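One structure is given here, and the rest of the page talks about it.
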Amino acid sequence: MARVITLTVNGRKRVANVEDNELLLDVLRDKLGVKSVKAACWRGECGLCSAILDGKAVKTCLILAVEAEGSEITTAEGISEDDKLSPIQNAFVEYGATQCGFCTPAFIVSAHSILQKNPEITEDEIKEKLSGVICRCGTYNQMLPAIKKASKEYRRSKSA
Amino acid sequence: METEAQSPKYIGRYVPQQDSTLKVTGTATYTFDVELPGMLYAKLVTSDRPHAKIVSIDTKESEQVPGVVAVATGKDFNFRIGIYVGDRDILAFDTVRWIGHPIAAVIAETLEAAEEGASKVHVEYEDLPAVFDPREALKPEAPLLHPKLGEYRVSPAFKPIPGTNIANRFKLQRGNVDRAFDECSVIIEDNFSMPYVAHAFMETQNCIGLYRRDGVIEVWSSLQSPFSARYLMAQSLDIPVNNVIIHNTFCGGGFGGKAGLGWEPLVAMLSKKAGHKPVKLILSRKEQFTSAAVREAFYAHVKAGFSKDGKFLAYKATFIMDCGGYGDYTVNVSRTAGYAADGSYDIENLDVESLAVYTNKVPTTAMRGFGYPEGHWVLEQIMDRAASKLGLDPVKIRLINLVRPGESSTGTGERVREDAGNPRKVLETIVKELGIGKEIDKPNEPWMVRARGFALNVKGPSQPPNASGSAIMKFNEDGSIDLLVGTGSFGQGTTTALCMIVAEEFGIPLEKVRVPFDRATDSEAYTWQTVGSRGLFVDGNATLSAIKDAKRRIVDVAKQVFRVPEEDVIISEGKVSVKGRPWLSIKLSDIAAAYTYPEGNAIGGPIIGAGYWTSVLNTYLNPETGQGIPSIFHTFGGTGVEILLNLLTGEIIVERAIQVEDVGRVINRLGVEQQMDGGLVMGMSVSLWEKMQFDQQGWLLNPNFTGYYLARFKDLPKEIKKVALETPQADGPLGARGVGEMVMISVGPAIANAIFNATGVMLNHEPMTPEAVWNALREQKSELLNEAIRGMKEHFRQTEEVMTKQ
């Protein structure tokens with residue numbers, strides 16, 4: 001059955017006509033044109049379809065679009081403010097934390113989400129918490145210092 | 001990272017990749033993201049038989065599915081494709097050769113309709129006997145996969161043997177091994193293997209074909225090598241090369257698996273069949289594992305002989321590469337593994353036979369390292385084992401045998417040039433940074449072992465001798481530059497490095513030089529392929545040649561403006577000036593589009609520089625002996641690791657690693673480090689965990705990321721040290737050599753050597769999973785295992801005692 005759902009995507013109210021069995025991933029990409037959300041396994045193993053749903057990083061290939069009715073979704077396109085890159089994006093650029101870049105939006109939203117919750121995060125926690133997303137280029141050693149650098153900014157904005 | 005000092009503005013420094021802002025904001029457009037007006041979707045129908053004749057294909061029910069536009073089968077494509085051996089069909093015409101072999105493609109208005117249509121194509125088969133092990137496939141009674149092998153188109157460097165399953169046979173012959181073995185005091189003879197491995201690039205292969213009404217074919221594709229795809233497609237379809245336009249978008253990883261030609265001809269022909277509408281094919285992850293090409297499995301039987309003082313005298317090797325259903329590209333992997341079997345060593349007597357053999361499994365293709373990881377997995381372990389038998393250490397035996405640039409020749413008889421790099425310094429750097437010879441901290445748990453090991457690597461691009469590249473640079477009105485090059489963008493960062501070279505040479509800010517992100521073969525400069533770590537070397541040289549050409553044109557105008565001889569014109573710091581007369585100086589922007597005199601009249605015009613580079617030294621290899629000059633450079637390097645081995649579980653943790661490569665000259669230090677770290681992670685992943693597991697009937701059991709484990713963030717070693725040595729190569733761009741693949745070649749053997757050094761356990765077969773390591777330990781050194789168990793009991797007894805006392 002098709003029904004109309006309303007989502008707030010990157011701060012904007014969006015309406016989509018969806019089937020009951022449609023994935024949030026497909027609705028975001030194909031119906032709402034949010035192309036930063038990628039897919040590489042379609043079964044919850046690679047994490048490339050990650051987005052922030054009501055403050056929590058989720059895999060959008062494991063969520064039906066109808067389940068997301070009324071929720072607030074943030075993707076890599078929505079993390080920067082105005083024309084300025086967010087601290088995590090800046091740090092990724094500075095430390096070379098992108099190679100082919102296909103997984104980058106997923107790591108950006110995942111890192112953003114964990115840093116917002118816990119900017120005091122340790123190196124081991126970063127490694128553990130981000131192990132749900134795969135980077136086949138193996139750019140982890142660039143992401144690690146980038147996330148640590150960005151965490152300072154998150155600490156600052158949390159304490160402010 | 002440490003390196004020798006230098007002071008240019010960009011070259012050798014850390015420079016963020018120019019495309020990274022688009023990537024971090026999720027706004028880089030991959031083929032996966034491209035949608036065209038009226039676009040249709042295609043879904044493959046694939047074989048569930050490993051080897052069978054197709055009796056009939058019934059598409060009627062599929063065609064009735066609402067939304068289905070057309071169904072294509074092998075009859076629509078009665079030609080074969082392939083880069084080196086034209087053995088591939090686009091959709092099976094009469095025979096299926098593996099489980100997953102594409103048979104038909106359903107085109108529909110939506111992907112869902114295409115999927116439903118695909119489930120309603122009915123195929124009737126007549127089963128044929130199948131063979132899954134290449135060693136079995138070599139036997140005379142084995143079923144023949146390609147009875148028409150003798151009729152296929154074959155590139156000059158390859159030798160399929162019609163009437164057998166041998167897609168290519170390569171021989172390397174030097175000296176006389178049999179005589180040399182008589183003089184050896186240590187001989188090591190053993191079998192080694194590596195399994196089928198998937199590239200597992202995150203963006204699965206996907207492409208859009210648009211067969212235009214004017215006969216021009218446009219393809220958007222997630223690929224590495226737009227120009228070879230264009231050429232091979234035009235050749236297959238027998239149309240002019242410029243009637244094929246390949247759009248070169250961002251590509252979500254390649255690692256060799258998107259080189260050559262992929263699904264581009266299929267989508268082009270599907271578009272024609274669907275009334276010239278654009279048709280998009282996106283492989284699912286399962287299809288990527290089972291219907292596309294992966295890395296071949298490798299089997300080696302080798303005999304290596306050393307003199308009593310450690311000289312590597314003779315090496316006899318048989319390599320068998322399991323190339324699966326077609327050998328298209330793997331024939332060149334077998335050739336390369338064969339001619340490069342001697343690694344970084346000077347071995348006087350060599351006898352290597354390297355075969356690519358068909359089996360009824362997933363087809364195979366190029367993958368990062370291209371035959372070198374295979375050869376090094378064997379050779380670098382032999383070095384440590386020979387050292388142990390001879391009472392030498394692993395460093396000493398390598399010092400004795402390393403090639404000496406300027407003196408030695410490689411196994412193919414090519415003299416190693418003086419400026420080829422410094423393998424000795426690579427070795428010394430690993431010794432120093434890894435702390436070889438220094439005491440190792442013992443873990444507290446008696447069942448844990450900490451160990452160090454290392455392996456060297458060397459690699460050059462494996463390409464046809466005439467493979468070339470070109471570059472065009474166009475000055476804009478403000479002196480900014482568009483650099484047109486054909487190298488693919490799949491994460492290697494080559495385009496940023498090329499822009500850095502241009503910015504440095506003209507003394508202008510990097511922001512003023514750009515390689516366009518959305519490119520196509522009709523508007524960018526040609527390069528053969530983006531493979532083999534050749535991109536920076538070939539396209540870098542072509543870019544330098546274009547810079548020279550542009551400068552010549554600028555000087556032509558400037559000498560008239562200043563009325564001075566051309567040798568007095570200087571271009572630097574974004575200015576054009578006159579030697580010795582600094583007051584005679586104009587900005588590059590004043591001359592970039594045409595120079596205008598104060599009176600308003602103008603001379604010159606928009607400056608364009610064009611350049612190319614082709615190796616003039618390379619040759620085909622002698623078909624009997626493999627002698628000749630295959631590579632445009634060799635990059636020497638190595639990996640050292642410190643690992644923790646759990647004797648009770650067989651688990652290996654890489655704690656510390658050191659990556660060293662003699663890159664000639666660092667262009668973008670950030671790029672070199674990305675490659676070194678990424679190559680380490682991929683090398684660990686492939687050698688420790690990855691294996692495509694087939695059952696007895698040829699079904700792949702793990703076509704997903706649960707059953708097929710890829711390295712994740714938590715697997716990153718605690719400490720990674722990277723050293724780029726810089727022994728410049730005279731004909732390299734500013735002295736540089738390629739580095740992209742070398743960085744993963746020596747990771748596996750370095751880990752295996754660490755385990756051998758600490759325990760004496762020999763690991764001949766990748767991957768070194770806990771199970772494999774534990775089994776090897778139990779079979780080869782059960783006393784260590786028993787000791788570990790005793791140690792564990794004692795450890796817990798003591799702990800318990802302490803607890804009870806408290």
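If you're wondering where the values come from, they're calculated on a predicted model, not measured in any experiment. Convention: sequence-line order gives letters A, B, ...; per-chain numbering from 1.
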A28(B) portion near chain A, given a 4.5 angstrom heavy-atom threshold: backbone

Heavy-atom contact with chain B under 4.5 Å, split by part of V34(A): neither

Chain A contact via F250(B) - which portion, at a heavy-atom distance below 4.5 Å: neither

Choice from I134(A), V37(A), V109(A), I79(A) maximising heavy atom contacts with chain B below 4.5 Å: I134(A)

Any residue meeting side-chain contact (heavy atoms from CB on, under 4.5 Å) with A111(A), in chain and number order, not counting sequence neighbours: I88(A), L130(A), I147(A)

Between CZ on residue F705(B) and SG on residue C46(A), distance to nearest 0.5 Å: 6.5 Å

Distance-minimising heavy-atom pair for P105(A) and G26(B): CG-CA, 3.9 Å

Any side-chain heavy-atom pair of L144(A) and F713(B) under 4.5 Å: yes

Can you list the donor-acceptor atom pairs spanning chain A and chain B that come in under 3.5 angstrom?
residue	atom	partner	partner atom	Å
R29(A)	NH1	D33(B)	OD1	3.0
R29(A)	NH2	F32(B)	O	2.9
R29(A)	NH2	D33(B)	OD1	3.0
K35(A)	NZ	E35(B)	OE2	2.5
K38(A)	NZ	D33(B)	OD1	3.2
K38(A)	NZ	D33(B)	OD2	2.6
A40(A)	O	R285(B)	NE	2.7
A40(A)	O	R285(B)	NH2	3.1
E45(A)	O	R712(B)	NH1	3.3
E45(A)	O	R712(B)	NH2	2.8
E45(A)	OE1	F705(B)	N	2.8
E45(A)	OE2	T706(B)	N	3.2
E45(A)	OE2	T706(B)	OG1	2.4
Q89(A)	NE2	V24(B)	O	3.0
G96(A)	O	Q674(B)	NE2	2.7
T98(A)	O	Q674(B)	NE2	2.9
Q99(A)	O	K23(B)	NZ	2.7
Q99(A)	NE2	Q674(B)	O	3.1
C100(A)	O	K23(B)	NZ	3.4
C100(A)	O	Y30(B)	OH	2.7
G101(A)	O	Y30(B)	OH	3.2
F102(A)	N	Y30(B)	OH	3.3
K127(A)	NZ	L716(B)	O	3.0
S131(A)	O	R712(B)	NH1	2.9
S131(A)	OG	K714(B)	N	3.0
R136(A)	NE	H199(B)	O	2.8
R136(A)	NH1	E690(B)	OE2	2.7
R136(A)	NH2	A198(B)	O	3.0
R136(A)	NH2	H199(B)	O	3.4
R136(A)	NH2	E690(B)	OE1	2.8
R136(A)	NH2	E690(B)	OE2	3.3
Y140(A)	OH	A711(B)	O	2.8
N141(A)	ND2	D677(B)	OD1	3.1
N141(A)	ND2	D677(B)	OD2	3.2
Q142(A)	NE2	D677(B)	OD2	2.7

Region of V24(B) that comes under 4.5 Å of a non-hydrogen atom in chain A: both

Taking every non-hydrogen atom, the tightest pair across C100(A) and G252(B): SG-C, 3.4 Å

Which portion of A39(A) sits near chain B, non-hydrogen atoms under 4.5 angstrom: both

Region of L85(A) that comes under 4.5 Å of a non-hydrogen atom in chain B: side chain

Contact class of I282(B) relative to chain A, heavy atoms under 4.5 angstrom: side chain

Full working for side chain to side chain contact (heavy atoms under 4.5 Å, CB included) between F102(A) and C251(B): CA-CA 8 Å; F102(A) 202 67; C251(B) 169; over 6 Å; no

Residues that S151(A) engages under side-chain contact (heavy atoms from CB on, under 4.5 Å), provided they are two or more places apart: L115(A), R155(A)

